[in-house]
Chemist: 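The following block contains the structure, expressed as structure tokens.
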Amino acid sequence: MQFVIAPDHPCLPGHFPGRPLVPGVVVLEQVLQAIARDSGRAPAALRLPQVKFMAPLLPGECARVELDGQAPRWKFRVLREDTVLVRGELVLVDEAGA
């Protein structure tokens, strides 16, 4: 799934003034949207046992989410062209909290 965070996104003025970077939580939100799109529903309870931010995403840059796996566990990468920006793993949590 491809995405672009617009330069006027409300999170950007404070992150960081004069040199805006897309916050990690906004990038991870795109990962959740890709999983929801892939699986047909948004994950409710989840954990991120591993996430590594490797390079920044700037407003207006095109990036894409790549998923590997299926519920309850996905590995993901967020890329700008061939550059890996973020990689990690997302796991659904069952009702018992495991």
Chemist: Do V22 and F16 share a hydrophobic cluster, counting only Ile, Leu, Val, Met, Phe, Trp and Tyr and linking them when any side-chain heavy atoms are less than 4.5 Å apart?
Modeler: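 No: no chain of side-chain contacts under 4.5 Å links V22 to F16.
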
Chemist: Can you list everything that forms a side-chain contact (heavy atoms from CB on, under 4.5 Å) with M54? Sequence neighbours excluded, please.
Modeler: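 With neighbours one apart ignored, the set is K52, V84, R87.
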
Chemist: When you group the ILVMFWY residues by side-chain heavy-atom contacts below 4.5 Å and let the links chain together, are V25 and L58 in the same group?
Modeler: no

Chemist: Can V86 and F76 be said to form a side chain to side chain contact (heavy atoms under 4.5 Å, CB included), step by step?
Modeler: CA-CA 8 Å; V86 184; F76 64 86; 3.9 Å; yes

Chemist: Closest heavy-atom contact between P59 and P20?
Modeler: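 Heavy atoms of P59 and P20 come nearest at CD-O, 3.4 Å.
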
Chemist: Which distance, rounded to the nearest 0.5 Å, do you find between the CG of L28 and the CG of L90?
Modeler: 8.5 Å

Chemist: Mind checking the OG1-CZ spacing from T83 to R77? Nearest 0.5 Å is all I need.
Modeler: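 Here the interatomic distance stands at 11.0 Å.
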
Chemist: With sequence neighbours excluded, what pairs up with E61 under the side-chain hydrogen bond (donor to acceptor under 3.5 Å, both in side chains) test?
Modeler: R80

Chemist: Could you state the interatomic distance from CG (L57) to CG (L21), rounded to the nearest 0.5 Å?
Modeler: 9.0 Å

Chemist: Can you hop from L79 to V51 via hydrophobic side chains spaced under 4.5 Å?
Modeler: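 No, because L79 and V51 fall into different hydrophobic clusters, even though each may have its own neighbours under 4.5 Å.
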
Chemist: From L12 CG over to I5 CD1, what is the distance, rounded to the nearest 0.5 angstrom?
Modeler: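 Taking CG in L12 and CD1 in I5, the distance rounds to 8.0 Å.
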
Chemist: Of all residues at least two apart in sequence or in a different chain, which pass the side-chain hydrogen bond (donor to acceptor under 3.5 Å, both in side chains) check with E89?
Modeler: R73

Chemist: I need the minimum non-hydrogen distance between P10 and P13, along with the two atoms involved.
Modeler: O-CD, 3.4 Å

Chemist: Do you know which two heavy atoms are closest between A63 and V78, and how far apart they sit?
Modeler: CB-CG1, 4.3 Å

Chemist: Could you go through the side chain to side chain contact (heavy atoms under 4.5 Å, CB included) check for R64 and M1 one step at a time?
Modeler: CA-CA 5 Å; R64 72 182 183 281; M1 176 186 98; over 6 Å; no

Chemist: Considering non-hydrogen atoms only, spot the tightest contact between S39 and W74 and give its length.
Modeler: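 For S39 and W74, the tightest heavy-atom pair comes out as CB-CZ2, 4.4 Å.
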
Chemist: Dump the intermediate steps for side chain to side chain contact (heavy atoms under 4.5 Å, CB included) on F3 and V65, then the final yes or no.
Modeler: CA-CA 8 Å; F3 68 95; V65 176; 3.8 Å; yes

Chemist: Step by step, would you call C62 with Q2 a side chain to side chain contact (heavy atoms under 4.5 Å, CB included)?
Modeler: CA-CA 7 Å; C62 185; Q2 291 192 335; 4.0 Å; yes

Chemist: Would V27 and L67 show up in the same hydrophobic cluster when neighbours are defined by side-chain heavy atoms closer than 4.5 Å?
Modeler: yes

